[in-house]
Amino acid sequence: MGPVLDTATGASSPQRLTRGATGKKILARSRGAGINWMPVIYFLRQLWTFVHPYRGRFFLGLLCGIGYGLVNGVLLGTVKVVVQLVFEGETNLHQQLAHAPRWIHPLSQPLAALVPEFHAPAANDTLRWALIIGAIPVIMLARNILQYLSIYLTNWSALHAIADIRTKLFSHLQNLSLGFFNRAKTGDLIARITNDTQVLYGIVGSSFASAVKDPITIFCLLGYQLATNTTLTLISIVVFPVCIVPIIIYGRKVRKSARAVQEYNAELTNLMHESFTGNRVIKAYNLEETVSAQFRATTKKYVGQLMRVVRANEIPSQLMEVFGATGIALVFFYIQRSMQFLPKDQQPTASDFLTFVLTIVMIYPPVKAFTRLHNQLHQARAASERVFELLATKNSVPEPAEPKMLHASNADIEIQNLDFNYGEKPVLRNINLTVKAGQLVALVGHSGSGKTTLANLLLRFYDPVRGTVKIGGVDLRDVSTRDLRNQIAVVAQENILFNDTIRRNIELGRLGATSEEIIAAARHASAYEFILQKPEGIEAVIGEKGVSLSGGQRQRLAIARAVLKNAPILVLDEATSALDTESERAVQTALDELMKGRTTICIAHRLSTILHADLIVVLDQGRIVEQGRHDELVNRGGIYQKLYELQFKS
């Protein structure tokens, strides 16, 4: 599967997974394997690129986990020594290690060299007894400190790595073209940044540490038991191969369900986003129950898939307990039988059995966690696919390798032989237009004729399929989008205002502007009068999307933002079409002030606002069919004359 292209053509979907050439090779090699580990390894390599900057603390955390696993073996040996000294007056741990079966000598002999022969001190030697017995809480303290450091350091690394993923993903999405956002679902994007990355946090913070710490713990405890109680240990682990079967079986089910869980979660997020932002329509059409029923149905699917994941995680874990109990039962059966035919000195002692049971207790949590690791990796991989595919999404409006400087002031705008498609649908065909510096050029035509698309191409929200758009003779594809958009101000029909103060919403036109400049822009936009009526004045918070303001007030704030930007080119996209007559008059006055000395592209449905335009361009079905001034076009008797008569007669 090739790279995901963020194009206006819609040739590729943002839901497609992109792995690149390396990923495809790995997947191809892994398809024939029984257990598909290669994609998991590729996923871990992708994740490691974000953990790498914090590798110091991360590896220190893993090292503490290794220390924790080793100390578990020391703790077990210490408990056995203390129990034997207290109850038997001596310990045979050294002898057990020294006389272990020959095949275990590579492990038992080094341990025997480390463990001296202990003898119980006198009953009244309180100090020595305190030191011997006190070794247990001291070792336990060291064990818990190592465990705390392991958890803290790996989680610190995980939190910072996931924060970096979220930040990079958010920044990457901000820089994608308008075509991508026209196709993507807002709720799905939010879910990928928040929920999917949280699943990855679990892998880095817990599973990586578990993959190192738990095997060490299991190895130390089993190694100790093999060296001291070889027969009992071998009997107890005879059922271990059977434990692998449910892990493999249920591991295959997890990945599919985990992917579905993430997708249903994204669907729920999207449904909530649409219902909250469209709450006015929902109430007006009595759609509350309809939306709630849709939410319930999606939640039911989400819960169903999530329960499949829970079952796949828990059934192998519970089966492990059953198999573990079977191993212990076999040990009991062996002990019962050994009492009949083994000499007394070869029979398991009470201390042997006590440490054996303690081993079972200590080994159970890491074994249980380790059995879940396989499923957790598949869950995280399913989430990572949704995250990394977005990071791999390519912008259909690429930045030039060596951008040219753009000087839009006093520069002509030239559109030459331009074609543009939305997907397979042609929108603009053979557009040729020159806008002289300082001119007011109006774009008119029926809805869907391509007026707004032409303005979007000027802002380079998209690139044309054919032809060029130039400002001052410079092709816009040779200019950085940041430089281009710094020199164009936009006032649209529906301007987005943010849940912040009036000051901040105007300041977004030019960050860092002084209070005097912001107030001057508000005056030019005829907005200062209603701002003064607010108790907090310019510091008043206007609510989400400017909900506390009227339509005309919101539009005047958008104009103030454009005034503050002071760009040489102005784009007005039906800036007054949604306003009543009184609001339109106030906004039009502000727009007239704003247009002075600027090259202006005005998209208008109300022809009364563009009667004095220097050039009126009439579009029909994606083509320019008429050009000229108002009087010329009316006398010509074409589409413009029909539009004019239709509006003014009504």
Side-chain angles (χ1 to χ4, degrees), residues 1-27 39 42-51 161-201 255 258-267 269-270 273-274 380-401 403 420-425 453 456-457 459-465 476-477 480-482 484-485:
M1 189 178 298
V4 174
L5 292 179
D6 159 32
T7 62
T9 64
S12 298
S13 166
Q15 281 72 36
R16 300 283 185 185
L17 173 63
T18 299
R19 296 183 176 90
T22 304
K24 287 189 287 184
K25 291 177 183 177
I26 291 175
L27 289 174
Y42 176 66
F43 144 65
L44 294 176
R45 285 172 55 192
Q46 286 182 302
L47 193 56
W48 175 248
T49 59
F50 292 94
V51 181
I162 299 308
D164 287 350
I165 291 177
R166 285 175 174 163
T167 302
K168 183 173 181 178
L169 185 56
F170 181 79
S171 299
H172 180 69
L173 291 176
Q174 292 298 310
N175 291 311
L176 294 181
S177 75
L178 197 61
F180 172 84
F181 290 99
N182 287 343
R183 300 189 310 276
K185 296 179 181 178
T186 301
D188 181 65
L189 298 180
I190 294 172
R192 295 194 193 205
I193 294 175
T194 55
N195 301 329
D196 293 358
T197 54
Q198 191 62 31
V199 176
L200 298 182
Y201 164 72
R255 187 172 176 272
R259 176 87 185 193
V261 165
Q262 302 304 127
E263 290 175 351
Y264 283 130
N265 196 15
E267 192 174 332
T269 305
N270 192 64
H273 173 266
E274 289 182 340
R381 183 185 159 212
S384 74
E385 288 176 352
R386 292 165 46 82
V387 171
F388 290 121
E389 70 185 349
L390 282 186
L391 287 175
T393 302
K394 294 184 178 180
N395 197 341
S396 64
V397 183
E399 295 291 336
F420 181 75
N421 301 336
Y422 280 126
E424 299 299 324
K425 178 185 176 183
T453 301
N456 288 338
L457 289 167
L459 285 156
R460 207 175 172 226
F461 291 154
Y462 309 100
D463 278 338
V465 174
L476 297 189
R477 285 172 290 202
S480 74
T481 54
R482 189 174 186 84
L484 169 66
R485 293 165 191 168

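Nothing here was measured: the structure is a model prediction, and the numbers come from that model.
Contact of the L391 side chain with the L169 side chain is registered, since non-hydrogen atoms from C-beta on lie closer than 4.5 Å. With a 4.5 Å cut-off on side-chain heavy atoms, L173 and F170 do not count as touching. L189 has its side chain out of reach of T269: every pair of non-hydrogen atoms, C-beta onward, lies at least 4.5 Å apart.
With hydrogens and angles ignored, the 3.5 Å screen pairs no side-chain donor or acceptor of N265 with any backbone N or O of A191. Side chain of S171 to main chain of K168: no donor-acceptor pair is present (N/O by atom type, distance under 3.5 Å, no hydrogens or angles). Looking at H273, its side chain never comes within 3.5 Å of a backbone N or O of K185 through a donor-acceptor pair.
With rounding to the nearest 0.5 angstrom, the CG atom of D188 is 9.5 Å from the CD atom of E267. Atom CG of D196 and atom CD of E385 lie 10.5 Å apart (nearest 0.5 Å). Within the model, atoms CD1 of I193 and CD1 of I162 stand 13.0 Å from one another, a figure rounded to the nearest 0.5 Å. The distance from the CZ atom of R485 to the CG atom of L476 is 10.0 Å, given to the nearest 0.5 Å.
S480 and P403 get closest at one heavy-atom pair: N-CB, 3.8 Å. Smallest separation of non-hydrogen atoms from F50 and A161: O-CB, 3.6 Å. The nearest pair of heavy atoms linking L200 to S384 is CD2-CB, 3.7 Å. Contact detail for F180 and L390: the closest heavy-atom pair is CZ-CD2, 3.8 Å. When all heavy atoms of R386 and A266 are compared, the closest pair comes out as NH2-CB, 3.3 Å. When all heavy atoms of G187 and N270 are compared, the closest pair comes out as N-OD1, 2.9 Å.
Scanning for side chain to side chain contact (heavy atoms under 4.5 Å, CB included) contacts around N456 gives L178, Y422, T452, F461, Y462, with sequence neighbours left out. Residues passing the salt bridge (charged side-chain N to carboxylate O under 4.0 Å, His left out) test with R460, sequence neighbours excluded: D463. Contacts of R166 classified as side chain to side chain donor-acceptor pair (under 3.5 Å), with partners at least two apart in sequence or in another chain: T197, Q198.
Salt bridge E389/R192: present, at least one basic N to carboxylate O contact under 4.0 Å.
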